[in-house]
Amino acid sequence: MYDVQAIRQKFPTLQQQVNGKPLIYFDNAATTHTPMEVLDAVRDYKERFNANPHRGAHYLGIQATELYEQAREKVAAFINAPSPQEVIFTKNATEALNLVAYSYGFSQIQAGDDIVLCISEHHSNLVPWQRVAKLKGATLRYLYLTEDYTLDWEEVREVITTKTALFAIAQMSNVLGTIYPIRELVAYAHQQGAVVVVDGAQSVPHLKTDVQELEADFFVFSGHKVFAPMGIGVLYGRRELLESMPPFLMGGEMVEYVQEQETTFNDIPYKFEAGTPNVEGAVGLASAIDFLAGTSWEAIQEHEEKLTRYALERLQEVPHLKIYGPQAGRTGRGPVIAFTIDGCHPHDVATIVDQDGIALRAGHHCAQPLMNYLKAPATSRISFSLYNTKDEIDVLINSLQGVRGWLGYES
Amino acid sequence: MYDVQAIRQKFPTLQQQVNGKPLIYFDNAATTHTPMEVLDAVRDYKERFNANPHRGAHYLGIQATELYEQAREKVAAFINAPSPQEVIFTKNATEALNLVAYSYGFSQIQAGDDIVLCISEHHSNLVPWQRVAKLKGATLRYLYLTEDYTLDWEEVREVITTKTALFAIAQMSNVLGTIYPIRELVAYAHQQGAVVVVDGAQSVPHLKTDVQELEADFFVFSGHKVFAPMGIGVLYGRRELLESMPPFLMGGEMVEYVQEQETTFNDIPYKFEAGTPNVEGAVGLASAIDFLAGTSWEAIQEHEEKLTRYALERLQEVPHLKIYGPQAGRTGRGPVIAFTIDGCHPHDVATIVDQDGIALRAGHHCAQPLMNYLKAPATSRISFSLYNTKDEIDVLINSLQGVRGWLGYES
Amino acid sequence: MNLSSLYTELILEHSRNCENKRHLECATCSKRGHNPSCGDDITIELLMEDGKIVDAAFTGSGCAISQASTSMMIDLVKGRSAEEAEELSQIFLGMIKREIKTEEELELLEEAIAFQNISNMPARVKCAVLAWHTLTEAIQEANLHS
Amino acid sequence: MNLSSLYTELILEHSRNCENKRHLECATCSKRGHNPSCGDDITIELLMEDGKIVDAAFTGSGCAISQASTSMMIDLVKGRSAEEAEELSQIFLGMIKREIKTEEELELLEEAIAFQNISNMPARVKCAVLAWHTLTEAIQEANLHS
Ligand SMILES: Cc1ncc(COP(=O)(O)O)c(C=O)c1O
Ligand SMILES: Cc1ncc(COP(=O)(O)O)c(C=O)c1O
């Protein structure tokens with residue numbers, strides 16, 4: 001049995017009142033809360049071991065180094081990377097994507113190449129590629145969406161061709177909830193000779209991740225969306241690619257020999273980790289992975305799927321409400337629901353439900369090209385995590401039913 | 001009265017035993033420990049307010065945004081920046097220096113320009129400039145050191161000329177402890193038309209920082225060296241420069257309008273802060289600044305100067321020991337002491353004193369060009385913070401006196 | 001600040017005002033304003049003659065607060081000189097920052113005084129001020145070009 | 001692991017061995033090895049003839065552990081075939097990782113068995129293995145070129 005109350009007990013933030021009401025946190029696609037055990041692991045590390053890793057010949061330095069490298073091993077196992085050397089710690093998914101764009105993109109993309117993106121990409125997996133395309137003379141091409149908010153294979157075959165040098169796509173859209181068929185897309189793109197960047201920022205909290213099964217060339221995610229602290233993110237890259245790429249950030253730790261005019265670089269993963277790393281962030285991420293291991297992915301998915309189904313159903317009771325995203329259940333859909341209510345701006349919707357203690361997101365969700373494509377300047381977004389409940393959805397529906405009234409509509 | 005014991009009580013890490021002995025932490029130039037109040041502030045933030053800032057129309061999001069922006073204001077006041085918009089949060093000093101190199105360097109440095117560095121620069125303020133020089137066809141020139149490990153003004157006037165487009169220097173060397181006369185150097189470099197990057201990673205924990213008094217164009221430091229968590233750093237830049245610079249990392253938050261092929265960018269500081277920021281890191285840094293405000297800079301300096309003087313004196317009692325760095329007191333010297341013991345590799349020295357619970361650093365301290373220049377492949381380094389004591393120095397001297405014996409020398 | 005003092009009848013009425021929300025064919029200057037974080041996106045169009053705002057209107061999308069604030073502002077500045085409009089803008093922004101407190105000044109804002117307490121809702125401040133910042137920029141650009 | 005079992009007489013003696021620490025004029029291959037984090041920096045030089053290591057020496061600087069380990073390794077592999085040397089290297093690295101435990105294998109390492117417990121000092125493992133990694137690379141390069 002999935003004991004959601006027991007899970008909720010682990011999250012101090014969820015025990016709060018907001019505007020006099022129990023907090024209902026439905027903004028998990030933006031960031032998740034942190035369980036007590038992760039907060040404790042970070043605190044314990046700070047009180048007992050805090051030191052700068054990799055440079056220490058003293059006790060604390062050695063401990064910090066070991067904990068940092070153990071965290072790397074844990075992340076490698078978590079995403080099934082072939083080796084920890086292929087796991088690079090960054091500050092967030094955005095830095096990881098920029099690393100790939102600056103290091104791989106600027107050195108490998110040629111004039112005349114195509115870079116293909118999905119129209120639903122988050123700005124972090126879009127603006128860096130615009131820049132690469134512009135500076136290298138490549139063409140940025142987009143995959144658009146079907147009526148059911150997923151990809152059309154015919155279009156995929158038209159757009160991804162032997163001219164495609166790089167294909168970047170999120171495994172799960174942070175607006176629509178669509179889960180794209182990454183494995184099949186990667187296989188097809190590889191046939192065409194393209195390198196594939198998978199943005200797992202939204203999928204990692206909800207699906208078992210296996211970068212080898214996906215055959216991703218690069219895969220990124222952010223710790224803070226998966227119960228870890230802010231300030232830690234991950235880039236996985238295939239060894240051959242990482243080894244052949246020039247460094248990105250330069251400074252301490254990533255060098256081998258530094259002379260006045262010339263420098264040679266350290267091996268992966270250190271080549272890409274300049275400066276003092278966020279050891280406590282890595283320790284927190286490792287602890288968050290342990291936390292997740294306490295529940296099976298099947299149970300988490302079943303719970304989140306149940307919530308999503310229930311919410312999709314009940315949202316139909318709210319008059320004038322339109323949903324942007326696939327209707328389906330678990331396959332092809334994650335626990336993120338974007339919607340609008342006729343005549344009500346999403347920002348006003350968020351303010352109104354906030355009075356009932358409910359945290360929704362409003363706006364373009366860092367996906368302006370998608371919003372333009374959908375002709376929706378902004379939407380509201382509900383996003384669930386493993387700690388949300390059906391009761392919370394009932395409160396939301398109730399609150400949403402009052403929105404049009406507050407904004408002066410008769411019904 | 002400076003009550004060092006009361007200060008020590010605030011640091012849980014300092015209460016520990018290492019190898020059965022009380023920890024003596026003399027590796028503060030690598031990273032400092034974190035006082036309880038900073039750990040508590042971060043924990044409190046996580047338990048009560050954790051959210052993704054800038055995107056929230058809900059209670060937690062609003063609180064997170066306010067705390068994040070208040071931290072920016074606090075940092076601005078701490079370094080006396082004219083406005084919070086000129087304060088950009090990064091993950092560490094290294095990222096801040098790379099931001100300047102990629103954004104300002106690549107767009108402004110021209111073929112034929114000179115970039116001038118001091119030979120004692122940390123790799124993080126050196127390797128990025130090597131890269132800029134190489135890719136832009138500029139010349140990298142160095143300022144070398146006098147016998148007393150400081151700069152020679154005649155040489156400064158020879159090397160910094162109207163050809164100098166950029167001059168980058170650490171306010172305080174992380175190896176020698178030398179504090180360079182930044183204000184005078186900036187004034188001179190400005191006369192020649194150069195832009196000046198000041199690396200404050202080592203000076204900020206020990207000196208009152210005033211970027212306006214220094215007239216620095218850019219100034220960077222790392223939170224983790226000044227009692228804050230890891231994963232947070234700061235770039236200050238003069239408004240006109242920041243406004244005219246292209247963005248560096250690209251993604252969420254740093255954009256204005258994103259279209260499929262074109263993007264316009266947000267204003268400073270957001271233009272340079274792509275992706276989810278490390279809010280808890282910023283909250284921790286703000287709290288560390290409050291912690292520091294509990295003691296005057298004069299008192300901290302007096303204490304650290306006393307320690308440094310005492311250590312320099314007592315180290316002379318250790319046979320075959322050579323110090324690299326100025327002998328002077330406070331002016332021109334911070335609490336960092338590099339040394340070698342004849343016939344004993346610094347790494348062995350560190351291992352031996354570690355058995356007595358003492359944390360020293362050994363190696364090139366991310367300053368290989370300096371080590372080559374000094375013809376010392378490696379040194380040991382002692383670095384003090386406001387919580388160290390004379391008694392700890394006595395234990396160190398005792399331990400150092402045994403080093404040659406352990407390594408098989410008669411005396 | 002509770003919802004009923006935020007979504008007042010006056011504000012809701014203005015938020016759906018169609019008279020001010022239209023394209024101004026004969027505009028002499030126009031300026032786009034945007035809140036990247038929440039998506040309010042408006043374009044203000046002015047018909048200026050001899051330094052006077054003869055007509056004004058706006059297009060775009062945004063929340064009730066931004067739309068109402070824009071509409072009230074247009075009512076307020078239409079027929080005024082550019083300097084007067086700029087001054088009113090400063091008063092409005094001063095009111096939001098709680099820097100301006102005298103009743104006389106506030107009364108100059110007419111209906112727009114409705115936003116006096118918006119700073120109690122920090123997330124909505126940006127929505128309320130967008131139009132006024134945009135107006136100031138529009139007028140400054142117009143001055144530059146004339 | 002305490003200091004006296006780390007800095008044994010045998011290790012200290014080797015750490016100051018001058019016979020193995022010299023420049024090999026007639027070397028047929030050489031390889032530099034470096035621990036960026038602690039600064040050990042050695043260059044191993046080999047004189048290979050018909051797949052046999054006829055002479056070997058090293059230059060560079062590093063801590064007592066890295067110097068002693070290098071010196072012992074040179075004593076061990078001099079006069080052996082490249083394959084034997086590579087095998088010994090694997091045994092040494094296996095010993096450090098605690099993967100190889102049979103007495104017979106360990107005895108093949110002769111004096112270098114002194115580093116058997118270095119993994120109790122994680123910060124010093126890199127120092128002990130540097131030479132052996134470098135040797136393996138040197139031999140592999142030599143094989144490539146012949
Ligand atoms: C002088 C100096 N500059 C830059 C740095 C880099 O700081 P970080 O590693 O926190 O990026 C350091 C510390 O390692 C330093 O001592
Ligand atoms: C799909 C997707 N990609 C990338 C990101 C960027 O993550 P971060 O802001 O942590 O860098 C996000 C979240 O904001 C996201 O939802």
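As the structure is a computational prediction, the values presented were derived from the model and not from experiment. A, B, ... follow the sequence lines: proteins, then strands. Residue 1 opens every chain.
Both the backbone and the side chain of A:F248 come within contact range of chain B, with heavy atoms under 4.5 Å apart. For chain B, the nearby parts of A:Y257 are the backbone and the side chain; heavy atoms of each come within less than 4.5 Å. For a residue to count as touching a neighbouring chain, one of its non-hydrogen atoms must lie under 4.5 Å from one of that chain's; by this rule A:L23 touches chain B with the side chain only. Heavy-atom distances place the backbone of A:P277, and not its side chain, under 4.5 Å from chain B. Contact of A:N278 with chain B is made through backbone and side chain together, with heavy-atom distances under 4.5 Å. Proximity to chain A (any heavy atom under 4.5 Å) is restricted, for B:H224, to the side chain, taken from C-beta onward. The parts of A:L140 that come within reach of chain B are both its backbone and its side chain, each placing non-hydrogen atoms under 4.5 angstrom from that chain. With a threshold of 4.5 angstrom between heavy atoms, B:T32 approaches chain A through N, CA, C or O but not through any side-chain atom. In this structure, chain B has a heavy atom under 4.5 Å from the side chain of A:V255, while its backbone stays farther away. With a threshold of 4.5 angstrom between heavy atoms, A:Q15 does not approach chain B through any atom at all. Both the backbone and the side chain of A:D40 have a heavy atom closer than 4.5 Å to some heavy atom of chain B. Heavy atoms of A:L97 lying under 4.5 Å from chain B are absent altogether. For a residue to count as touching a neighbouring chain, one of its non-hydrogen atoms must lie under 4.5 Å from one of that chain's; by this rule A:Y142 touches chain B with the side chain only.
The salt bridge (Lys or Arg N to Asp or Glu O under 4.0 Å) search around B:D199 returns none, not counting sequence neighbours. For B:E121, there are no salt bridge (Lys or Arg N to Asp or Glu O under 4.0 Å) partners, not counting sequence neighbours. Remark: B:P22 pairs with B:Q17 by the side-chain contact (heavy atoms from CB on, under 4.5 Å) rule, at least two apart or across chains.
Ranked by heavy-atom pairs under 4.5 Å with chain A, the list B:Q130, B:K91, B:E280, B:Q16 is led by B:Q130.
Scanning residues 42-51 of chain A against chain B with a 4.5 Å heavy-atom cutoff picks out A:R43, A:K46, A:E47, A:R48, A:N50, A:A51, ordered by number.
Using cut-offs of 30° and 60° on the angle between ring planes, the pair B:Y68 and B:F89 is tilted.
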